[in-house]
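By convention in this document, chain letters (A, B, ...) are assigned in the order of the sequence lines, proteins followed by strands, and residues within each chain are numbered from 1. Keep in mind that this is a model prediction, so the values were computed, not measured.
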Protein chains: 2
Amino acid sequence: MPFMQRIRIKDVAKEAGVALSTAALALRDDTKLREETRRLVRDAAARLGYVYDRSAAVMRSGKSHTIGLLVCEITNPFYAELTAGVEEALDEAGFVVMLANTSESITRQRRMLERFREQPVDGVLIMPATGTPPSLLEDLEQWRVPHATVVRGFRRGAHTGPDNRAGTRMATEHLLALGHRRIAFLGGLTRNSVSRERWDGYFRAMTKAGLAPEQLCCRTDIGEAAGVAEALPADGPTALVCFNDSVAFGATLGLLRSGRMPGRDVAVIGFDDIREAAAWFPALTTVRVSPREIGRAAARVLLERIADPAAAPRREILAPTLVVRESCGAHLRWKG
Amino acid sequence: MPFMQRIRIKDVAKEAGVALSTAALALRDDTKLREETRRLVRDAAARLGYVYDRSAAVMRSGKSHTIGLLVCEITNPFYAELTAGVEEALDEAGFVVMLANTSESITRQRRMLERFREQPVDGVLIMPATGTPPSLLEDLEQWRVPHATVVRGFRRGAHTGPDNRAGTRMATEHLLALGHRRIAFLGGLTRNSVSRERWDGYFRAMTKAGLAPEQLCCRTDIGEAAGVAEALPADGPTALVCFNDSVAFGATLGLLRSGRMPGRDVAVIGFDDIREAAAWFPALTTVRVSPREIGRAAARVLLERIADPAAAPRREILAPTLVVRESCGAHLRWKG
DNA sequence: CTGAAAGCGCTTACAG
DNA sequence: CTGAAAGCGCTTACAG
């Protein structure tokens with residue numbers, strides 16, 4: 001194969017027999033040009049195998065059509081699904097995502113943010129690592145980097161996330177309606193806004209019903225949750241409001257392991273409704289927040305922010321729904 | 001806050017009292033300069049709040065230190081973990097990843113590849129969508145885009161993935177050693193290299209033992225696998241070699257649902273050893289391939305390819321190990 | 001180490 | 001629509 005000279009706009013212009021500026025406009029499908037001219041140029045570009053070079057355009061225009069996505073833990077199915085939603089919506093808008101998985105490290109988060117700033121990206125979408133100081137927002141503002149938080153957030157700034165309080169409140173009230181009185185909250189060892197809000201929704205529902213809240217601490221980990229559930233005494237809580245579906249999965253596994261049937265012996269409700277929840281045994285009753293939709297909404301919020309940085313930051317709180325399946329015991333398939 | 005003029009290298013040079021070219025070299029920590037000079041410049045840059053602009057460097061040097069990652073399905077925990085490994089290793093090497101989740105769509109895969117080419121990226125790492133024609137490699141070669149496949153691959157080209165045949169062979173031989181004679185393969189409805197290889201390893205072990213292979217088809221989906229397992233007749237297979245852990249999870253859930261205990265009534269072995277496998281009930285016996293390690297290895301293979309495009313493409317096939325837990329029935333915790 | 005300069009491939013404003 | 005030109009912020013080669 002002969003050495004191929006890289007094809008540039010000026011080559012396309014020559015091939016099409018138009019001026020360089022005309023070719024440049026035509027390649028971006030500018031309506032200032034007649035459709036016929038645009039087609040002429042497009043055809044010439046295709047004949048020559050022209051490849052648009054974004055790096056030059058980025059430098060000249062300052063717009064990269066790239067956004068930086070900081071994910072706190074991509075191996076968590078909830079965040080993986082959310083990432084898919086972000087990527088999907090940004091792609092539709094002609095944007096591309098630079099991914100960084102911080103693995104809950106604020107050092108790594110900081111470093112990746114600086115890297116994004118150099119890149120440069122047009123904006124950043126952040127699922128803050130646990131322990132992120134709110135001063136992060138001040139830095140981003142000073143840097144003039146358009147930004148928005150997702151799921152985990154701060155008191156201010158553009159944000160998209162589920163209504164966590166409403167979610168655990170609904171879950172708790174459902175269990176109360178089923179007659180449970182000793183209902184514990186399982187999880188929440190990690191200190192972030194999501195943990196606080198989910199605990200808070202449960203707490204309020206319990207105190208409103210005149211009952212004592214009770215927290216069973218565990219990290220967000222199937223194995224750890226299974227351990228706590230397995231060790232649950234027979235005269236312990238009869239129902240568990242779990243921090244999320246992973247914790248709920250762990251709880252059901254632990255109960256099974258100790259010879260108890262989730263839903264019949266101890267009711268279990270999750271949070272998130274990740275893909276596996278419906279197929280679980282027993283099928284998991286959970287609070288649906290649709291990570292993919294949150295991701296898509298977050299992408300829109302950030303794009304708005306980029307388009308109009310002067311506007312007040314939007315905060316979009318999505319309402320959750322309770323999906324009643326088997327693990328809460330409301331209708332046991334195997335009860336017979 | 002007053003309008004801030006963007007700080008450029010020439011401003012840093014002036015502040016440090018050195019030439020522009022010296023400042024440029026110092027900022028990249030070039031050893032041609034005395035350490036003292038480099039520090040002088042670094043301090044000046046810090047004082048002024050200088051931010052390196054990569055887009056200009058990319059354009060001038062043609063190197064973006066960015067690689068494009070095409071993931072077939074990011075919401076699959078295996079690929080999510082693999083993505084984390086890729087991102088981790090590339091970050092250590094000073095590279096950043098542009099992510100595209102193709103969701104198994106070859107149209108989307110094609111579009112994202114063209115987008116990456118325009119970006120431009122220094123190379124692409126591909127987990128091909130099911131149905132990708134091998135001609136993809138020819139296109140990439142013609143485009144002169146350094147590339148490597150991961151997990152799913154073709155007969156040629158740089159590749160990193162587990163030894164799928166060895167994996168299912170080990171699983172099958174383990175079940176044979178436990179005395180099973182009617183062993184079925186569950187899964188493999190999707191047609192790609194992984195499916196073929198895993199089926200093949202099982203097939204060879206069975207025929208070598210003089211037994212009839214048997215395929216229970218289902219897509220890679222917990223719900224579908226659960227349905228097949230639930231409907232398994234009492235005089236059916238006594239052991240299942242599953243396409244992957246998700247399918248195995250589905251199988252155990254389906255068996256439980258039909259009143260059978262996985263491991264005691266029907267043995268189940270998975271593939272991948274994703275995070276949830278150890279915490280499962282019963283704990284899943286599975287073939288460990290360590291997606292994070294595959295991801296890290298794949299990143300290295302691609303970086304080698306970028307560094308030396310003339311070298312023969314490397315193919316790195318990682319040996320799997322069988323992790324014996326409970327679901328195969330080799331040592332039942334609850335038997336005693 | 002200096003200093004002036006060319007060049008990467010676009011975008012964009014402008015006179016015609 | 002043309003055509004010549006400036007400029008984005010780096011990198012790099014070069015004579016001194």
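- Annotation for A:Arg39: atom CZ does not count as buried by contact number, only 12 or fewer foreign heavy atoms lying within 6.0 Å.
- Residue-level contact check: A:Leu33 touches the backbone only, with heavy atoms under 4.0 Å from sugar-phosphate atoms and none from bases.
- Note on A:Asp11 versus A:Arg6: no salt bridge recorded, every NZ/NE/NH1/NH2 to OD/OE distance being 4.0 Å or above.
- Whole-Å rounding puts the B:Met59 CE to C:dA6 P distance at 16 Å.
- Residue B:Arg28 is in sugar-phosphate contact alone, with no base atom involved, counting any heavy-atom pair closer than 4.0 Å across all strands shown.
- The side-chain hydrogen bond (donor to acceptor under 3.5 Å, both in side chains) analysis of residues 40-50 of chain A, with sequence neighbours excluded, yields the pairs A:Glu15-A:Arg47, A:Asp29-A:Arg42, A:Glu35-A:Arg42.
- In terms of position along DNA chain C, the nucleotide closest to B:Arg34 lies nearer the 5' end than the nucleotide closest to the other residue of the pair B:Arg34 and A:Tyr50.
- In the interface, the side chain of A:Arg60 is paired with the base of D:dG7 through a donor and an acceptor atom under 3.5 Å apart.
- When the nearest nucleotides of DNA chain D are assigned to A:Arg38 and B:Ser21 by heavy-atom distance, the more 5′-ward of the two goes with A:Arg38.
- Looking at heavy atoms from C-beta onward, A:Pro146 lies out of side-chain contact with A:Asp122 at the 4.5 angstrom threshold.
- The residue among A:Ala57 and B:Thr22 whose nearest nucleotide of DNA chain C is located toward the 5' end is B:Thr22.
- Distances from the side chain of A:Asp53 to the nucleotides D:dC10, C:dT12, C:dC10 place C:dC10 closest.
- The backbone N or O of B:Gly94 sits less than 3.5 Å from a side-chain atom of A:Arg115, completing a donor-acceptor pair.
- Rounded to an integer number of Å, the gap from CD1 of A:Ile9 to C1' of D:dA4 is 16 Å.
- The nearest whole Å value for the distance from the CD atom in A:Glu118 to the C1' atom in D:dG9 is 14 Å.
- The CZ atom of A:Arg6 sits 14 Å away from the C1' atom of C:dG7 (whole-angstrom rounding).
- Rounded to whole angstrom, the span from the NZ atom of B:Lys10 across to the C1' atom of D:dC10 amounts to 12 Å.
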**Prompt:** If you write DNA chain D from 5' to 3' in dot-bracket form, with Watson-Crick or G-U pairs under 3.5 Å, [ ] for crossing pairs and | for pairs with another strand, what do you get?
**Reply:** |||.||||||||.|||
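- Ion pairing between A:Glu87 and B:Arg108 holds under the 4.0 Å rule for side-chain N and carboxylate O.
- Atom CG in B:Asp30 sits roughly 13 Å away from atom P in C:dT2 (whole-Å rounding).
- Atom OH of A:Tyr52 and atom C1' of C:dC10 are 7 Å apart (whole Å).
- Within 4.0 Å of B:Val18, counting heavy atoms only, lie sugar-phosphate atoms of the nucleic acid but no base atom.
- A:Asp30 and A:Arg28 are not joined by a salt bridge, as no carboxylate oxygen comes within less than 4.0 angstrom of a charged side-chain nitrogen.
- Rounded to whole Å, atom P of C:dC10 lies 14 Å from atom CD of B:Gln119.
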